[in-house]
Amino acid sequence: MGNFYKKSRLKFECIKRVLSDTYHLDAVNKSEIEAQKKPLRSDILNYLLTSLAKNETTYLEIGVRNPAHNFSKINAGKKYSVDPGVEFRENPVDFKLTSDEFFEMLRAGKVLTRDTRFDVVFIDGLHFADQVERDIHNSLEFINDNGFVVLHDCNPPTEAHAREAYGYRASPALDYWSGTTWKGFFKYRQNKSLYSCCIDTDWGVGIISKTVNLGEVSTVNNPFFEYWILEKFRKESLNLISFDELKKKVQ
Ligand SMILES: C[S@@+](CC[C@H](N)C(=O)[O-])C[C@H]1O[C@@H](n2cnc3c(N)ncnc32)[C@H](O)[C@@H]1O
């Protein structure tokens, strides 16, 4: 009995230490702050679509989950959605496919038409760097020259948010997860033939354009995509700007 009591006390001690650890508390605080930021991704997507001043805009969302959270809020003449249905059982989308499958079929003319061009593609599917890099590459092939590729979750507030293991809910970020999206975006931030920036709201809304000057490429030296370097040079790495600053660049 004495032994059991000692073991239980030890467990509670461990839990208390974890929960009062400054690293853990920092992540909890930063989650709270980020979750309250405005505007939301849908406001930014709608702003970009409106800026194009076209009669009928065409929007594609990769990774939809519950459409009520973003897809349904988007105002565009034509809207298309892609999701294999990993996280939301109903999965009410146009194409129940992975993004790789969708783009392969689009290229082959098996969905929509080969000459389809989108005004805005919103990438919010699988949050791993290599997948995000492919999603950006494929989206750039199918956007209009003045169109935008937009990405969610480009600005993880802490390393715990940028963890690879989505399922590790005991992490200091709890169930908040940006994955390694920032790495895919940061790679394109170094591409001299493109413009890019990240709006400091809603976990980081990255924007890439072929023609609209959104800011300078990143010259931050981070060849191994280390989180501590992102943290130290966050603003320059991501070209982190406010929504008001974006409005001056895109009118
Ligand atoms: C973060 S949720 C999307 C949230 C939504 N865009 C929003 O703004 O509320 C990620 C979604 O990506 C989907 N997904 C997972 N792997 C995917 C893949 N390879 N291609 C496209 N979507 C994927 C999941 O099923 C999930 O519904």
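Treat the numbers as computed from the prediction; the structure is a model and nothing was measured. Position 1 is the first residue of the sequence, and the numbers go up from there. Read the numbers this way: they start at 1 and go in the same order the structure lists the ligands and their atoms.
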For this session: Could you walk me through whether Glu61 and Tyr80 pass the side-chain contact (heavy atoms from CB on, under 4.5 Å) test, one step at a time?
Result: CA-CA 6 Å; Glu61 184 162 322; Tyr80 300 105; over 6 Å; no

For this session: Before giving the answer on side chain to side chain donor-acceptor pair (under 3.5 Å), spell out for Thr113 and Thr116 the whole-Å C-alpha distance, their side-chain angles and the decisive distance to 0.1 Å.
Result: CA-CA 5 Å; Thr113 57; Thr116 300; 3.0 Å; yes

For this session: Give the C-alpha distance, both sets of side-chain angles, the deciding distance and a yes or no for salt bridge (Lys or Arg N to Asp or Glu O under 4.0 Å) between Lys248 and Glu245.
Result: CA-CA 5 Å; Lys248 288 180 202 149; Glu245 283 170 285; over 6 Å; no

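In terms of protein heavy atoms, atom 25 (O) of ligand 1 is closest to Asp83 OD1, 2.7 Å. Summary of contacts: the protein heavy atom closest to atom 19 (N) of ligand 1 is Thr98 CB, 3.6 Å. Looking only at heavy atoms of the protein, atom 20 (N) of ligand 1 is closest to Ser99 N, 2.9 Å. The protein atom (non-hydrogen) at minimum distance from atom 15 (C) of ligand 1 is Val86 CG2, 3.9 Å. Given atom 4 (C) of ligand 1, the protein heavy atom at minimum distance is Asp124 OD2, 3.2 Å. Among protein heavy atoms, atom 16 (N) of ligand 1 sits closest to Leu126 CB, 3.7 Å. The single protein non-hydrogen atom nearest to atom 9 (O) of ligand 1 is Arg41 NH2, 3.1 Å, given as residue, atom name and distance.
Ring geometry for Phe225 versus Trp182: interplanar angle of 30 to 60°, hence tilted.
By the 4.0 Å N-to-carboxylate-O rule, Glu141 lies close enough to Arg107 to be salt-bridged with it. A salt bridge between Arg134 and Asp130 is present, with a side-chain N of the basic residue lying under 4.0 Å from a carboxylate O of the acidic one.
Side-chain atoms of Ser196 do not come within 3.5 Å of backbone N or O of Arg189 as any donor-acceptor pair. Distance alone, capped at 3.5 Å, is enough to place a donor-acceptor pair between the Lys79 side chain and the Phe71 backbone. Of the possible donor and acceptor atoms, one in the side chain of Asn91 sits under 3.5 Å from a partner among the backbone N and O of Asp83.
Of all the atoms in ligand 1, the ones that sit under 4.0 Å from a non-hydrogen atom of Glu61 are 5 (C), 6 (N). Each of the atoms 9 (O) of ligand 1 lies under 4.0 Å from some heavy atom of His69. Ligand 1 places these atoms under 4.0 Å from at least one heavy atom of Pro84: 14 (N), 17 (C), 20 (N), 21 (C), 22 (N), 23 (C).
For Val64, every heavy-atom contact with ligand 1 shorter than 4.0 Å involves the backbone, none the side chain.
Residue contacts with ligand 1: His152 is excluded, as none of its non-hydrogen atoms falls under 4.0 Å.
Taking only nitrogen or oxygen atoms, main chain and side chain alike, Gly63 reaches within less than 3.5 Å of ligand 1.
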